[in-house]
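Lettering of chains follows the sequences in order, A, B, ..., and the numbering in each one begins at 1. Everything numeric here is computed off the predicted structure, so don't read it as measured data.
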Amino acid sequence: MATQLPPPKRQKSNYSKSLLPPVAPAPAEPIPSVVVQFKNAETGANLGPAVNLPADTGRDALQMLVNKLKGEDEDPMPYAFHLVPKGEAVSGRVAIHDSIQADALRPAASSSTAPSFSPEDVFELWCEPQAVFRVRGVGRCSATLAGHASPILCCAQSPTGRYAATGSGDATARIWDMESETPKHTLTGHRGWVLCVEWDAREKLLATGGHDGQIRLWDPKTGQQAGQQLLGHTKWITSLAFEPLHLAKKGQSQRLASASKDGTIRVWNTQTRKIEFVLSGHSASINVVRWGGENVIYTGSSDRTVKVWSGVDGKLIRTLNEHAHWVNSMTLSTDFVLRTGPFDHHGKMPADDEEAKALALARYRAHIANQSETMVTGSDDHTLFLWPDQAASSFSSTATPKKPLARLTGHQKQVNHVAFSPDGRFVASAGFDNAVKLWDGKTGKFVASLRGHVAAVYRLAWSADSRLLVSASKDSTLKLWNLKTFKIKTDLPGHTDEVYCVDFVADKVVSGGRDKTVKIWRH
Amino acid sequence: MPQNDYMDEHRRRHGRRMDYEEKKRKREAREVHKSSQVTQKMVGHKAKLHHAKRHAEKVQMKKKLKAHDERNVKQKDDGAVKEGALPTYLLDREGQKDAKALSSAIKDRRKDRAAKYSVPLPKVRGIAEEEMFKVIKTGKHKGKSWKRMVNKATFVGEGFTRKPVKLERFIRPMALRMTKANVTHPELKTTFQLPILGVKKNPQSPLYTSLGVLTKGTIVEVNVSELGLVTTGGKVVWSKYAQITNNPELDGCINSVLLV
């Protein structure tokens, strides 16, 4: 890296221009009226006839109109709107935050890059329903929890957000109570660094995988180990995945898949702690394992392949080799719904296993109703691939599941982490090139680049309503991103060294890193 | 010198002598006695060299024996966990390390408050003015001597323009101007060549500080942006101080230690 001079004080950039107070508009300018055709972004169908509107109609008014057109007056839904510019040369979309007038006809900032619209066009306004709840953005560090004697390598909040678990280089994992923000249990037993922690969907079991190749199961209520450790892997554990709750056999708890550096995946029965089957076939370290909602297991490996396995008998379904280098990270569009299982934003607790399973199944069905389970993989070859549904397509003869839907290029260095938003509309990817990039979850089109970190971005976490994204970086900060302007919403400094892990559940963010402290961030 | 491999060829055709193995074993068994006799009889410089060689051989042998002894003994696992924990996504990238370790070492050090203002070279040799400056005689009859030339290496800022000759009291020769310093990190024992940004303090005199004279013990500000250090606020660290440890005017380069 060549020596760089610091930027001059007053940079004549679009960003600094956008910081200037807006120039008062000429009052005499008439408001044009535009023809707007509302379109449903999920189905692509028209919503009612085209309507003639003044161009400065606000977003709230547009939202009301859409609800009226859909006949949902009683229970109005919030919507996000965007325009897709015409012509093949222009990519991207124009999001409407205030009104068509403000965002499309007269874009205030970066006028040179924004595609031009004229009031004579018919505006095809794509409507996407947003979550009916809103997660408050985090803004302050409410607790700094010391206790670990070594860097914190992984953290995960429980599906309800009641507990958080962290794994550290001092061979312990700790459970923290998120309501009182106090330590709850210290889980000692591992003989090496605790590299990954994973909660089951009912919050009854915590699995930790260590550098010693062992997996241990813990009861989060008592902090005691649930039976003996799971032995079998010869090298360290890289990733853990629980079977989705709705797939668990009657009367049995969820199975656990563990991926290891030794190139095998082992599927464990968490009650008997026996190996059900071993998936071998990869020739190098497996970096990530995911258990999909259709009972298939996806694995990404350093041997440049992604493999799809049956969760029933452990047979290999297919191998996807498109990547040119290590596959580092993988995300499913159903990640969030599978992870949270029966718990939704109402905060109801299921009474028993059967009810929980039914709730989880209902949530999963509702989620895949408008988007089947797609997968995005990020790799060391600086690209990502969007893959079609691997499970359902095995029943149809026309599908080509080995062919990726899209190749997502743009990162200039290795991609370290990818994450689907909970509603499956966006994919965020973090790379070693200091950038977080946002992609359309259905088509794989590039949406925006979120720049602001000054060092590699390690981890990402979405809020449950898909409106916020938080990123953890080597530059010792977390950054909360505004997904309307694609700029930093809140900078969260406080860690004194690299931040290795972050998780966002409910309205709290947990982060941990090399400075050995766990920080809890909240509104 | 053997021409071609006729010995091998012969061996291949006819085999070895019948007592080859036997003789070889005996020769090897006799070897220690023979070498002992030779060693005992040897005198002088030759003996000295021979003993040194034997000593080194014996050390190697003992080490090897010890290693073999340890190989088969089951040791009790002391349960020690390795230092330097890394998350899974960085585990295989150990070769791609950079100056980041530097940053944490600096932070650890900073906790030690007493060390904050200590420098590696607390005392320096006083430098007389005669050594520092050469008097330049000026005037038609060379009767005036108000002009000085700096004899030591100097750092001159980028935008510096010399004053008119008539007004210039201190001359800083081009040949002794330095722009880069070799900066060593004391804990990592790694050295980087970094651009100098300025002279923070020359312990000899404030005048030398303002002139930018680089002598042993001078604190200079160096540009560490390419090391990729960050502050807790997530900003890139732009400059740090370093202390010069050599005599730049004698060596032609600047060696320095980063102050952490």
Return all side-chain donor-acceptor pairs below 3.5 angstrom for residues 153-169 of chain B, not counting sequence neighbours, or 'none' if the list is empty.
| residue | atom | partner | partner atom | Å |
| --- | --- | --- | --- | --- |
| B:R162 | NE | B:E168 | OE2 | 3.1 |
| B:R162 | NH2 | B:E168 | OE1 | 2.9 |
| B:R169 | NH1 | B:W146 | O | 3.0 |

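For A:S239, no part lies under 4.5 angstrom from a heavy atom of chain B. The part of A:K261 that comes within reach of chain B is its side chain, from C-beta onward, which places non-hydrogen atoms under 4.5 angstrom from that chain. With a 4.5 angstrom heavy-atom cutoff, A:H190 does not touch chain B via any of its atoms.
Taking both residues in full, the closest heavy atoms of B:A85 and A:G169 are given as CB-CA, 3.4 Å, listed atom of the first, atom of the second, then distance. Nearest heavy-atom pair across B:L86 and A:W193 is N-CZ3, 3.7 Å.
In this structure A:T305 satisfies the side-chain hydrogen bond (donor to acceptor under 3.5 Å, both in side chains) test together with A:H282, A:D303, sequence neighbours excluded.
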B:V236 and A:D475: CA distance, side-chain angles, deciding distance, side-chain contact (heavy atoms from CB on, under 4.5 Å) verdict: CA-CA 8 Å; B:V236 174; A:D475 68 7; over 6 Å; no
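Counting heavy atoms from C-beta outward, A:T238 and B:Y89 have side chains that stay 4.5 Å or more apart.
Going from atom CH2 of A:W326 over to atom CG of B:D92 covers 5.0 Å, rounded to the nearest 0.5 Å. We find the CD-CG distance between B:E83 and A:D170 to be 10.0 Å, quoted to the nearest 0.5 Å.
More than 12 heavy-atom neighbours from other residues, nucleotides or ligands sit within 6.0 angstrom of NZ on B:K147. Residue-environment remark: CZ (A:R290) exceeds the threshold of 12 foreign heavy atoms within 6.0 Å.
Contact tally against chain B (heavy-atom pairs below 4.5 Å) for A:L153, A:L492, A:N416, A:I237: the top residue is A:L153.
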